[in-house]
Each structure stands twice: as structure tokens, then as C-alpha cells.
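Heads up, the thing below is written out as C-alpha cells.
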2 protein chains.
Amino acid sequence: MNGPDVSTATRVDHVDLDVLENVLSFYIRVIDTKVSRDLDQRLANLEVAKGKGKITALLLIDSHPGIRPSVVADLAARDRSAMGRILDTLEQQGLITRQTNAEDSRAQELYITPKGAALAVKVREIVVQQSEDFFDRIIPQDEQKILIDILKRAYRRLQEAGK
Amino acid sequence: MNGPDVSTATRVDHVDLDVLENVLSFYIRVIDTKVSRDLDQRLANLEVAKGKGKITALLLIDSHPGIRPSVVADLAARDRSAMGRILDTLEQQGLITRQTNAEDSRAQELYITPKGAALAVKVREIVVQQSEDFFDRIIPQDEQKILIDILKRAYRRLQEAGK
DNA sequence: AAAATTAGTTGTAATTGTCCACCATCCGGA
DNA sequence: TCCGGATGGTGGACAATTACAACTAATTTT
């Protein structure tokens, strides 16, 4: 009598999501939560489990020898201190090394180690495969292409906006 | 000579993202990170800042009086213990109340308080507005509609898949 | 009536994220 | 040349999330 839905919901089916029903950020958030959880499980054995910051860093350093921490941080959408700590652990695990840039001694150059490169090979496979597997279950292939296309441009605009 | 990109990257522009370039989960993750950060700032003054679990819970309880914690947890993609703690804080803040279900004394019924309802009004406005503002900067309107459409169905399938 | 499920709580540990201060270095202008 | 401001990175503190697992209580199944 007093609310829009008195039938105390006990099932998830067709529960109205209030305004969130049409809020893009809500869906992005939930899907990210689930896909990340799924990915973490698949990476559980490897040294980069938990959080995709490590993965992004590892792959970027592998494909861009000498890349700077601040660039990696921007691309992965983390602040410098957070990324710094991620790099600390990668370094401790012997996956990367840090060198001081000869021209600008404030800056660092990040390099992959053989161990890190070997791991990157595995990670690449898993990450690609997992994203495919996960989304194939819930989004038709043709729509996935549309998604990637839209989100890729959105990502670029975000980077530009970040100055 | 040993790497694909020896020009030690110092700029974010056009840095190749390795395989992540075409990995849907990567874009979802980064965009979620940024949109969530932006939202948190806009909610900074309100009692539900930090993390959208609280927001989802508040709005759902407001529009579904008597909804169960486990249902809220599923819809927001958190496990029961995590949602339980979110509800603890909402209860401590006087935004919701918990009652034991008469028919199943294991289960709880969640209800909004007047204070919670008042907050929900504000939160609704902000959340909707923020998502619009944020995405309007980076995705054309017509593509946003496509996105919502695709992601909404993906979300539903995820819910079904979760049993 | 026993066994298996379900709802929710609690504890712990690891990660993250944020904010801020701090140091060293570099750069531009007076 | 020297000074102020900006940049790159580090480190501390603190709050919040997250996952996992163990645990109680209640319900349902067999």
C-alpha cells in the first residue's frame, strides 16, 4: 500500500532497478565486477592475480620497453602512487626492472625480465580467451564488435580529456 | 632492436595497448574506474559516498519495500557478506531498517526510513545526471542508446546465468 | 529424523584507492 | 645565474572492498 512494490522481492527475476534501469554507469559497473571476478579466478595460479592493474602494467612494459610509470598509470587509470606500488610488487617478483632515464633522472624506464616476458605470454592468452569466453555467453558476436568499437573511441576520448 | 617499440614511451597518445587493444573487459574496466571516480566526487557530501553498492542498495530498498539482502546482493553483483556490511552502515546511518520475515525467520525484510527516502531522491537525481554528463563527453547520444540496449540484455543474461 | 540448502553474520587477509606531503629534478623567465 | 613552478616518483595513513571460509540458525528435502 505504501510502496511501489509491496511483494517483498525474493527473486531476482524482473526486479525493477529503479532509475538504474537506464543508467549506463550501473551496467558498466556490474559487468566489470563480474568479468573481473571471473578473470581473477582464471589467473589464480599466476603471479599477477587480483586486479587488472598488474596485468595492464605487465603487458604494456612487455610491449613498450622503457615505458614510464606515469604513462602506465594513465593508461590503466590509476594514480601514480597506486601504480607505483603495483610496480613495486612486480619488481619484487622479478618480473620487471626499473632504470633511471639518462636524460631525465627523475623519470624511470621500465623493462620486462625474461621471467616477466614468459609470464606475459601466458597472461595474454588467458586475458584474451577469458574476455571472449565471458562475453560470448552474454552478448552476440556482432554486438560485441559494436561494443568494442564504441568503447575504444570512448576510451581514447577519456585519455585526451585527461589532458 | 629487441622490442616492438624502443622509443621509450613518454606520452599517452597512441600508445599501443598490446592485446588489450581489442579486449572488451579492458575497456569496461577502465571506463568503470573513471566513471566511478567521477561519481564518488559528486556524491562526496552525501552519506552514500564511495562505492556504488550503497547506492544500488538504497534505491532498491526504496522502490522495493521488504526486499531481501540476498536479492540486493545479487542485483548489485556482490556477495552476501559484502552486502551485509553495506547494509550495516546504511542501518547505522538511519537510512534503512531490517525486520525479520514472518514466514521465514532466516530472511530479512529491508525498509527505507524517511531519512533514507529523502536521500534516495537526491541520489537518484545525481546518479542519473552524472552518468549522462560523463558519457555525453565521450560517447555520442545515439551510440549511448545502443550501448544501454546491449548492456541491459547482457546484464539480464548474467543474472539468469547466476542461477 | 537426518541431511542438505539457504539466509545471514563474522573474521581475516589482501588489495585498492585516496589524499597528502615530500624529495629530487627539470624548465622557464627575470 | 638564480628562483619559482611544474613534473616524476615515493611513502604514510586510512578507509573501503573483496574474497574466502567458517559458523549459526532455520527451512526444506528425502
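Per chain, numbering begins at 1; letters A, B, ... match sequence-line order.
An OP1 or OP2 oxygen of D:dT10 is reached within less than 4.0 angstrom by no side-chain nitrogen or oxygen of A:R80. For the pair B:Q41 and C:dT18, the criterion of a side-chain N or O lying under 4.0 Å from OP1 or OP2 is not met. The side chain of B:S81 places no N or O atom within less than 4.0 Å of a non-bridging phosphate oxygen (OP1 or OP2) of D:dC20. Distances shorter than 4.0 Å separate none of the side-chain N or O atoms of B:R78 from OP1 or OP2 on D:dT17.
Because its NZ or CZ atom is both nearer than 6.0 Å to the ring centre of A:F134 and within 45° of the ring axis, A:R137 counts as a cation-pi partner of that residue.
To the nearest angstrom, P of D:dA19 lies 13 Å from CG of A:L39. Taking atom CZ of residue A:R29 and atom C1' of nucleotide D:dA16, one finds them 12 Å apart after rounding to whole Å.
Each of A:Q108 and B:E103 was assigned the nucleotide of DNA chain D with the nearest heavy atom; the assignment lying further toward the 5' end belongs to A:Q108. Nearest-nucleotide assignment on DNA chain C puts the 5′-proximal partner with B:P69, out of A:D79 and B:P69. Comparing A:S105 and A:I86 by the nucleotide of DNA chain C that holds the closest heavy atom to each, the one mapping nearer the 5' end is A:I86.
Between B:Q159 atom CD and B:D74 atom CG the span is 6.5 Å, to the nearest 0.5 Å. Atom CZ of B:R37 is separated from atom CG of A:D79 by 7.0 Å, given to the nearest 0.5 angstrom.
For B:R98, counting side-chain heavy atoms from C-beta on, the closest listed nucleotide (C:dT9, D:dT27, C:dT15) is C:dT9. Here C:dT18 is the nucleotide among C:dT18, D:dT18, C:dA7 with the atom lying nearest to any side-chain atom of A:A82. The side chain of A:R85 sits closest to C:dT18 out of D:dA21, D:dA26, C:dT18.
Residue B:K145 places its NZ atom among 12 or fewer non-hydrogen atoms of other residues, nucleotides or ligands, all under 6.0 Å distant.
Counting non-hydrogen atoms under 4.0 angstrom, B:D88 reaches nothing in the nucleic acid.
In this model, no side-chain donor or acceptor of A:R106 finds a partner on the base of D:dG9 within 3.5 Å.
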